[in-house]
Amino acid sequence: MKGTLRSPSVAKESFGAVHSERMDDELHERVREVIAGVPAGKVATYGDIAAIAGAPSPRLVGRILAEDGHDLPWHRILRANGTPAPHLQHEQLERLRAEGVLADGERVNLRVYRWRSPQEEEEAEAGLF
DNA sequence: TAAGTGACCTATA
DNA sequence: CTATAGGCCACTT
């Protein structure tokens, strides 16, 4: 059981220091939202999610996913080179294949399947083509 | 309190 | 392909 309980620091904030701890929670939720927003048939990298959600590091995305990503499309998140995390490789590629994302060996071609976030598309449209 | 360790990372050589 | 370093965070010693 790990749902909402997170760390001993929760105790100290019962006083009224809701301030700093909240950011943590918001980030957690934001990351989850971004991941949830990746459409089927598309993929994103940990770095992408981190950048869009404002996470300080891609590793944090991995952690959040590991702890609290059971109900999210975690299989649409790949590493920067298009390969999945080692232990999930099999499962992940299989799930992706079911969505029409074909992997070349154990690697997905990001140039084909990479998802572009809404704001990124905006910029691309506004800028040059 | 502080240092060590592991994790679904990434960039560089 | 492997090796190395860099960085962030929670948990354990």
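So you know, we letter chains A, B, ... as the sequences are listed, proteins then strands, and number each from 1. All heavy atoms count here, side chains included; hydrogens, waters and symmetry mates do not.
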If you check every side-chain atom of [X], which of [options] has the closest atom?
X     : options              : result
A/A80 : B/dC8, B/dT10, C/dC9 : B/dT10
A/L88 : B/dT10, B/dC8, C/dC1 : B/dC8
A/T45 : B/dT10, B/dC8, C/dC9 : B/dT10
A/H87 : B/dC8, B/dT10, C/dC9 : B/dC8

Interatomic distance, CG@A/L110 vs OG1@A/T45, rounded to 0.5 Å, equals 7.0 Å
Looking at A/E99 and A/K42, is any side-chain nitrogen of the basic one under 4.0 Å from a carboxylate oxygen of the acidic one? no
### Query
Below 4.0 angstrom, N of the basic side chain to O of the carboxylate: do A/D48 and A/R116 qualify?
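No salt bridge links A/D48 with A/R116.
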Tell me the interatomic distance from [X], atom [atom1], to [N], atom [atom2], rounded to whole angstroms.
X      : N      : atom1 : atom2 : answer
A/H28  : B/dC8  : NE2   : P     : 15 Å
A/E106 : B/dC8  : CD    : P     : 18 Å
A/I35  : B/dC8  : CD1   : C1'   : 10 Å
A/I64  : C/dC9  : CD1   : C1'   : 10 Å
A/L78  : B/dT10 : CG    : P     : 10 Å
A/E67  : C/dC11 : CD    : P     : 7 Å

Closest to the 5' end of DNA chain B, once A/R63 and A/P86 are matched to their nearest nucleotides, is A/R63
With A/W74 as partner, the option from A/L88, A/V38, A/I35 fulfilling side-chain contact (heavy atoms from CB on, under 4.5 Å) is A/L88
Mate of C/dG7 across any strand shown (Watson-Crick or G-U wobble, both atom pairs under 3.5 Å) is none
Re B/dC8: Watson-Crick or G-U wobble partner, both distances kept under 3.5 Å, found to be none
* Could you measure between the two P atoms, the one in C/dA5 and the one in B/dC8, and give it in whole Å? =>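 Each nucleotide's P atom is 23 Å from the other's.
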